Amino acid sequence: MIALVPVRDGVLPAGAPDAIAEAAGRVLIAGSGTSSATVDGIASEVHLIELGPVEIARWAAALAPIIESLPDNDIVILPHSADGRDLAPRLAALLDRPLLSGATEVSAHRVRVARRGGLELHELRPTGSFVATLQPGTRGALAIGGLPVVHHLDVGSEPGQMAFHDAEVIEVLPPDVQTMDLTEASRIIGGGAGLDSNDRFDQLDRFAVAIGGVMGATRVITDRSWVHHDRQIGTTGVVVDPDLYLSFGVSGAVQHTSGLGHPDHIISVNTDPHCPMMMMSDLAIVADANETLSELLDLLDTAVGTGPDPQRNVT
Amino acid sequence: MKIAVCWKWVSLDREHEADRRWSGVSAADEAALEVALTIAGASIDSSGEVNVICLGPSGADDVLRDAIAVGATTARRIDASTDLDSRVVAVALAEQLRGHDLVLCGDYSLDRGTGSVPAFIAGELSSAQALGLLEVGAADPTSRTLRVVRRLDGGRREILHVTAPAVLSVEGSAANLRRAPLAATLAARTAPVELVRGPHGHLPEAEVHPYRPRARVLQAPTGGSLDRVRQILDVGGSDAHAELVTLDPSAAASKILDQLREWGYLEEPVSSSSGSD
Amino acid sequence: MTAPASTPAVDAIVVGAGPAGSAAATVLARKGYSVILLERGSFPGSKNMYGGVVYPRILDQLHPEWWLEAPIQRWITRRSTMVLTDTQALTVDFRSANWAQPPYNGATAYRPDWDHWLAGKAEADGAQLVCSTTATGLLRDERGHVIGVTTDRPDGDLLARVVIACDGVNSFLAKEAGLYGDVDAANYTVGVKETIALPKHVIDERFGVRGLEGVDIEILGGTSGVNGGGFVYTNLDTLAVGVVLKLPKLAAQKLRPEEIIANLKAHPGVAPLVEGGEIKEYSAHVIPEAGLSMMPKMTGDGMLVAGDAAALCLAAGIWLEGVNFAMASGMYAAEAAAEALAANDTSRVGLAGYERRLNDTFVLRDHRKLRRAPSLVLSDRVQHLYPHMIANTVERMFRVDNPTPKPGLRRILNEERRRAGVKLKDLATDALDGLRSFG
Ligand SMILES: Cc1cc2nc3c(=O)[nH]c(=O)nc-3n(C[C@H](O)[C@H](O)[C@H](O)COP(=O)(O)OP(=O)(O)OC[C@H]3O[C@@H](n4cnc5c(N)ncnc54)[C@H](O)[C@@H]3O)c2cc1C
Ligand SMILES: Cc1cc2nc3c(=O)[nH]c(=O)nc-3n(C[C@H](O)[C@H](O)[C@H](O)COP(=O)(O)OP(=O)(O)OC[C@H]3O[C@@H](n4cnc5c(N)ncnc54)[C@H](O)[C@@H]3O)c2cc1C
Ligand SMILES: Nc1ncnc2c1ncn2[C@@H]1O[C@H](COP(=O)(O)O)[C@@H](O)[C@H]1O
């Protein structure tokens, strides 16, 4: 079992620590600036392979033989990050191994993968070797004393000759302000599909502001373009770590909660008391999130006078 | 440009598969079609051709006709159950996709949700891939190159240049599917959906459980409530709530504010009497 | 708005795939006319709510043996009427085993299921259902005859020989067609409903029913002083608890509908039925309350109105019947439309068959019979005085104050009537109205 972590200029992707930990500290770090990637304290055995800029097809072709050359390679675990989830299928195809994608747990005989929008876990019993991707944030890092043993590998020249058709990276944009204020917010108010209209998110935003917080949303909402995707919280959105998280109509799918960090306090309003989000709340309120939100604004308006009365739409 | 769009039809109700109330395609797949139509429409001679293709059961035919109503040139269905391994699906799709300059997909399907099919397709066709896109620019007619914006982690993005032939997958927020003209909607009801025999097989056996966060086996960075509860959860306690209450909206609102005050997130109580409690 | 002369796309457009619209579309399609059924929701029923009891007898004509396939929750085998004061509850309870078997009487059903099913039948009979499409206006020719509708879709104008508006309460189309006089809020009530989840066996125990048996409880009083009525209906594993409130009064009292439901649920007579349940959904909707007084013209040139759109709904506090009137009026409108299409005259005159049918059937007969009922049931006396009078009377009849001998009923009644401040004369007239309505 070994973790495969694609890096850009030595920067570890989201979920790298989880993947390395799941592989008990064995990792193959591939990409650009690999030697500057720091895995001290979370890895024990490290293999570095310099591949230059991200070119998924070329990378996959280079990595397949290298992986086969490494000992104990029956299970390859990549982080389900942007690059990991792109690389994994190409690699699995070249290695002709099954791909178990979006796992929350990987071991030789039991793999749990998140399905149906992260609300179901499917437990698989793999036989033989396979490639898996692990959801970021589902496991946490391994704490390993001492420095890892590092091996430098290099690409056999062969793949270089054949031409690969890959996209070309022009530029990497840093997180923009909107995203920053979300990642750094200590109070986050999250809205999900339980909120019934675009306008609710204006209300949610006003409520967030009124209590000195920032609004975030689930992917279902950013998918509807009700909220800009900068505000999507979760593994494929922004990973946050507030003290307070208040959720309205959020079910708490793994891809969302994995991006939540470790709030000291969680309050959730949801009509379903059994959904994961409610389960992990300090205060779980079974109520209609839409009405509750309007009520909250009423209360705050009468109290501190923030903005006009929100219209409650009753029909 | 000759563009193909891959639509995955998903039914959330296994008994009444075709019940349109619980079935359809993801926002991402709809966005994929919109992007395709836009690119096709923008191509100089606007000779753009957009073919929608779906591997799935007959229940999917309705949504495929919707695709024609909004402007797809043709709709084709590979007749098979969706219970197939993503690679098998991709191979079958790729068969039908050869000869297209661009293949547009959604970034994740509603049920499997692995985002791997587009990458498998790219592998099969040895096309370029650019997946999980937030924006797709128009294609340069001569170089057949597109400028696209892709989401990386931690709120970072990257700008890519992709040259056809390529497989692109887009997030739902990349575009909103246009509405079909009424006449087209009516006409499309009788529009033909080409049928192709599909692969057999099924996914490996899996035990299905509702999602429960996994306990962090190792000492957690901080003893945050999330971890605390995750641990409790993983040993199966289903009533792990610190506090669970059913309240009417106004009571719920006051309860929230009171709790925030108790935790010190808000200052002195609101003067006005609060709702019904 | 006048449209370019052009040939109609279809014989008939039915706007709104609620009970009225689907019934209408079915009838026309069966007679071989081309019908387009427009629905603004993403599927029929997606936007619709109601208390939850249907009395589908009329379907015997449209879909014989409908009960074999209709998506119902429970069959109503027990109807109770509750009279509530703050501390008392008097229940008149009726059960019938006959209602537990075909042809059945009434049933609880979820609107998304019910409307989806009815619309499906219309489609099966050949009507073209087009969802996510809102009719935004009427198309008229130079004579002012309705010749189609505009919709919110790109180039969404649609021409037809006749248009049937089944677009529900406050029918925008009927108003645009000028079929409504000016309507004041006094004629509307607002219906508010909570769906509360409870395990089936708990519901069975609490309501004393088995299998698919169900209960329909109408409530007088218990609406926090706002004139109206309440209801509790049993679905398979949820309860529908709601109130129907007179708009003006509601505005006057500074209460929110949801507070009134909360109070109703807290009433000692109701609390034991609902406690421990988990609120699944909350919804509210305006209802045309008081039949005749506010009904529009049922037909215009090239157009008919059915169901709530025509205010064919009985919402008089303790009654909530609309689905049955909607389905019936939809059918009759379609039959009349078919006649008119056959005779190639869809003018008001040509469509006259509709009002004839309404007049000859329960649709308007019931409304006429019950024309005084709404104002009676919703009157201040019935709402605020009688409940105390009746409840106290009964309480005293059953109370045992030995050694004092039991007083006679007439004496109690008189004392309670005075105590409640009810004039004998008013009691007499109300009693008479009551007799006229229900006798
Ligand atoms: C690989 C992958 C990556 C993903 N990345 C992300 C990500 O980064 N971030 C993210 O958020 N998602 C992500 N998703 C999607 C994720 O799996 C879930 O689909 C999504 O988080 C669910 O969002 P939701 O809770 O808003 O919607 P739902 O899951 O539909 O939940 C809606 C909730 O609202 C409740 N509700 C309904 N009505 C009411 C009411 N009236 N009042 C109160 N509550 C109500 C319901 O009980 C339910 O719990 C990803 C999915 C995949 C496959
Ligand atoms: C709280 C409450 C409780 C009730 N309880 C009961 C009960 O227990 N039993 C009973 O029999 N009745 C009950 N009723 C009354 C019943 O709901 C109505 O009488 C019945 O639904 C009327 O049916 P309809 O088809 O005329 O209108 P609706 O059911 O309102 O259908 C109208 C349809 O038209 C669509 N539509 C509207 N405008 C447009 C447009 N411009 N373009 C396209 N489509 C449009 C709507 O989306 C809807 O699908 C209740 C009503 C309420 C509010
Ligand atoms: N059975 C299918 N038919 C057509 N397209 C599919 C199918 N499965 C997946 N896709 C495409 O691949 C994307 C990602 O799906 P997935 O890899 O299952 O998450 C979807 O959004 C579709 O565009």
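Quick caveat, the model's predicted, so the values are computed rather than measured. Convention: sequence-line order gives letters A, B, ...; per-chain numbering from 1.
Looking at heavy atoms from C-beta onward, A/L300 lies in side-chain contact with B/L257 at the 4.5 angstrom threshold. No side-chain heavy atom of A/L124 sits under 4.5 Å from any side-chain heavy atom of B/E207. Within the 4.5 Å cutoff, no side-chain heavy atoms of A/R115 are placed close to those of B/D111. Put simply, the side chain of A/L299 reaches to within 4.5 Å of the side chain of B/S254, judged on heavy atoms. By the 4.5 Å heavy-atom criterion applied to side chains, A/L283 and B/V245 are counted as neighbours.
Across A/I170, A/V172, A/N290, the residue that shares the most heavy-atom pairs under 4.5 angstrom with chain B is A/I170. With chain B as the partner, the residue from A/V111, A/V239, A/T236 showing the most heavy-atom pairs under 4.5 Å is A/T236. Of the listed residues (B/L110, B/V148, B/V208), the one with the most heavy-atom contacts under 4.5 Å to chain A is B/V208. In terms of heavy-atom pairs under 4.5 Å with chain A, the best-connected choice from B/T114, B/L146, B/I159 is B/I159. Ranking B/G115, B/S109, B/P249, B/S116 against chain A, the residue ahead of the rest is B/P249, based on heavy-atom pairs under 4.5 Å. Top candidate by heavy-atom pairs under 4.5 Å with chain A, chosen from B/T163, B/D107, B/L134, is B/L134. For chain B, the option among A/L246, A/T235, A/D223 with the highest count of heavy-atom pairs below 4.5 Å is A/D223. Ranked by heavy-atom pairs under 4.5 Å with chain A, the list B/R112, B/H161, B/R156 is led by B/H161. Across B/G132, B/A174, B/S26, B/A122, the residue that shares the most heavy-atom pairs under 4.5 angstrom with chain A is B/A122. Ranked by heavy-atom pairs under 4.5 Å with chain B, the list A/E55, A/R8, A/E123, A/Q135 is led by A/E123. Between chain B and the options A/S101, A/P89, A/A82, heavy-atom pairs under 4.5 Å are most frequent for A/P89. The choice from A/V169, A/D243, A/D166 that makes the most heavy-atom pairs within less than 4.5 Å of chain B is A/V169.
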B/T145 and A/E168: side-chain contact (heavy atoms from CB on, under 4.5 Å), yes or no, with the steps?
CA-CA 10 Å; B/T145 298; A/E168 175 193 3; over 6 Å; no
Checking side-chain contact (heavy atoms from CB on, under 4.5 Å) for the pair A/E171/B/R157: CA distance, chi angles, key distance, verdict?
CA-CA 9 Å; A/E171 157 181 28; B/R157 326 204 173 301; over 6 Å; no
Please walk me through it: do B/E243 and A/D282 pass side-chain contact (heavy atoms from CB on, under 4.5 Å)?
CA-CA 6 Å; B/E243 185 184 1; A/D282 303 279; over 6 Å; no
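Proximity to chain A is limited to the backbone of B/S126, based on heavy atoms less than 4.5 angstrom apart. Using a 4.5 Å cut-off between heavy atoms, B/R150 touches chain A through its side chain atoms alone. Both the backbone and the side chain of A/A14 come within contact range of chain B, judged by heavy atoms closer than 4.5 Å. For A/V269, the part sitting under 4.5 Å from any heavy atom of chain B is the side chain, from C-beta outward, and nothing else. Interface remark: B/L247 contributes backbone and side-chain atoms alike to the contact with chain A (heavy atom separation under 4.5 Å). For chain A, no part of B/A31 is nearby; none of its heavy atoms comes within less than 4.5 Å. For B/P165, the parts sitting under 4.5 Å from any heavy atom of chain A are the backbone and the side chain alike.
With rounding to the nearest 0.5 Å, the separation of CG in B/D153 from CG in A/D83 is 7.5 Å. Taking CD1 of B/I256 as the reference point, atom CD1 of A/I267 lies at 6.0 Å (rounded to 0.5 Å). Here the CG atom belonging to B/L244 is positioned 9.5 Å from the CD1 atom belonging to A/I285, to the nearest 0.5 angstrom.
Residues B/A206 and A/H122 share a closest heavy-atom pair of CB-CB, 4.0 Å. Nearest heavy atom pair, residue B/Y108 against residue A/H80, reads OH-NE2, 3.6 Å. Minimum interatomic distance between A/D86 and B/A119 (heavy atoms only, all atoms of both residues): O-CB, 4.0 Å. Closest approach of A/A167 and B/Q129 over heavy atoms only: CB-O, 3.8 Å. For the residue pair A/E295 and B/A253, the shortest heavy atom distance occurs at CB-CB, 3.5 Å. Of all non-hydrogen atoms in B/L260 and A/I211, the two that sit nearest each other are CD1-CD1, 4.1 Å.
Using bins of under 30°, 30° to 60° and over 60° for the plane-to-plane angle, the ring pair A/H265/B/W263 lands in the parallel bin.
Using a 4.5 Å heavy-atom cut-off against chain A, the contacting residues of residues 84-91 of chain B are B/R87.
For residues 164-177 of chain B, the side chain to side chain donor-acceptor pair (under 3.5 Å) pairs, not counting sequence neighbours, are A/S225-B/N176, B/R151-B/E171.
In this structure a side-chain-to-backbone donor-acceptor pair under 3.5 Å is missing from A/R219 to B/G172.
Using a 4.0 Å cut-off between a side-chain N of Lys or Arg and a carboxylate O of Asp or Glu, A/R125 and B/E205 do not qualify as a salt bridge.
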